[in-house]
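First up is the structure itself, then whatever we jot down about it.
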Amino acid sequence: MATVEIRNSTAGDGLAIAWIQLEVWQAAFADVLPDEVLAAAPADLAQSWTAAFKSDNSSVRIATEGSEVVGFVHAALVEPDPDRLVVDAATGQIHVLYVRPAWARRGHGGRLIASAAARLRSLGAHRGIWWVPETDRATIKFLESIGWESDGASRVLDTGKAHLRELRWTGSLELMLGSALL
């Protein structure tokens, strides 16, 4: 088996992240995302990651297997905002966690969320939130496996092609994966 690693992203990872983002969108969200989004230029998407790479209150981590970039996670502290549905001031948010479909079910998602949780804890967060499409059974099953629960909050996003209903999931950033605290 190839060496598996989770590492901090660098500015040079933007294009790999963009390709993963497009691959997951095309596989999982083709029915709700407009065709022009699904056909976005990877270089354009890569540029959108620049701010996340530089933020002190966010983290973009990369999963690799051998020389392949196979997934990423973007997490950040939640900004206090009375109009948002925020659990409390010490909350971190998983904005996105994607693993290339061909590399799924190999533990990369667990390693990525554990890494994001550790970074959020280092920033002072104790709980996490993650907005997940209500139809995304794989991610929901994953969240249940790490002890997170839907808290009943929902929102509807207009993608330009369809409406996408998301449920908010929340849980401790002291994650138990397998028998180890991560």
Side-chain angles (χ1 to χ4, degrees), residues 6 9 17 20-34 37-38 45 48-49 51-52 55-63 71-101 104-105 107-177 181-182:
I6 303 295
S9 62
I17 288 172
I20 292 169
Q21 190 173 15
L22 283 170
E23 186 176 349
V24 170
W25 285 354
Q26 291 164 356
F29 302 112
D31 58 335
V32 295
L33 292 176
V37 171
L38 297 171
L45 283 176
S48 71
W49 285 98
S55 172
D56 291 337
N57 290 327
S58 106
S59 175
V60 180
R61 307 279 290 164
I62 302 293
F72 72 96
V73 62
H74 175 222
L77 291 178
V78 175
E79 296 292 326
D81 182 344
D83 294 331
R84 284 193 182 172
L85 299 170
V86 175
V87 175
D88 61 42
T91 300
Q93 180 170 353
I94 305 300
H95 289 287
V96 64
L97 188 157
Y98 288 153
V99 174
R100 292 179 58 203
R105 310 265 187 270
H108 298 296
R111 286 185 286 275
L112 284 166
I113 193 125
S115 177
R119 174 65 177 141
L120 291 170
R121 286 192 315 267
S122 78
L123 294 171
H126 303 289
R127 296 201 55 77
I129 61 172
W130 187 355
W131 290 96
V132 176
E134 70 179 342
T135 58
D136 186 348
R137 296 301 314 152
T139 301
I140 290 169
K141 185 175 178 182
F142 171 70
L143 285 167
E144 290 171 341
S145 78
I146 64 170
W148 283 31
E149 298 176 338
S150 175
D151 65 7
S154 66
R155 66 184 183 186
V156 177
L157 305 176
D158 183 353
T159 68
K161 180 177 180 178
H163 288 95
L164 178 66
R165 185 168 185 258
E166 293 182 319
L167 304 176
R168 185 176 65 190
W169 288 75
T170 185
S172 172
L173 294 175
E174 299 288 337
L175 297 178
M176 294 292 295
L177 298 180
L181 177 66
L182 302 172

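- The two residues Phe72 and Gln21 have their closest heavy-atom pair at CE2-N, 4.2 Å.
- Side-chain contact, Arg61 with Ser115: a donor N or O sits under 3.5 Å from an acceptor N or O.
- Annotation for Leu167 and Ser150: closest pair CB-OG, 4.2 Å, computed over non-hydrogen atoms.
- Side-chain N or O atoms of Trp148 include one that pairs as donor or acceptor with a backbone N or O of Ser172 at under 3.5 Å.
- To the nearest 0.5 angstrom, Lys161 atom NZ is 7.0 Å from Asp31 atom CG.
- Taking both residues in full, the closest heavy atoms of Ala117 and Leu173 are given as CB-O, 3.5 Å, listed atom of the first, atom of the second, then distance.
- In terms of modelled atom types and a separation under 3.5 Å, the side chain of Gln26 and the main chain of Leu38 share a donor-acceptor contact.
- Open room surrounds CD on Glu149; 12 or fewer heavy atoms of other groups in view lie less than 6.0 Å from it.
- Although no hydrogens or angles enter the test, the distance criterion places no donor-acceptor pair under 3.5 Å between the side chain of Lys141 and the main chain of Asp136.
- Counting all heavy atoms, side chain and backbone alike, Leu120 lies closest to Ala75 at CD1-CB, 3.9 Å.
- Pairing each heavy atom of Leu97 with each of Leu112, the nearest pair is CD1-CB, 3.9 Å.
- Arg155 forms a cation-pi arrangement with Trp131, by the criterion of a distance under 6.0 Å to the ring centre and an angle within 45° of the ring axis.
- Taking CD1 of Ile140 as the reference point, atom OG1 of Thr135 lies at 7.5 Å (rounded to 0.5 Å).
- Relative ring orientation between His74 and Trp49 is described as perpendicular, the plane-to-plane angle rising above 60° on a 0-90° scale split at 30° and 60°.
- Shown here for Gly128 and Thr170, the closest heavy-atom pair between the two residues is O-OG1, 2.9 Å.
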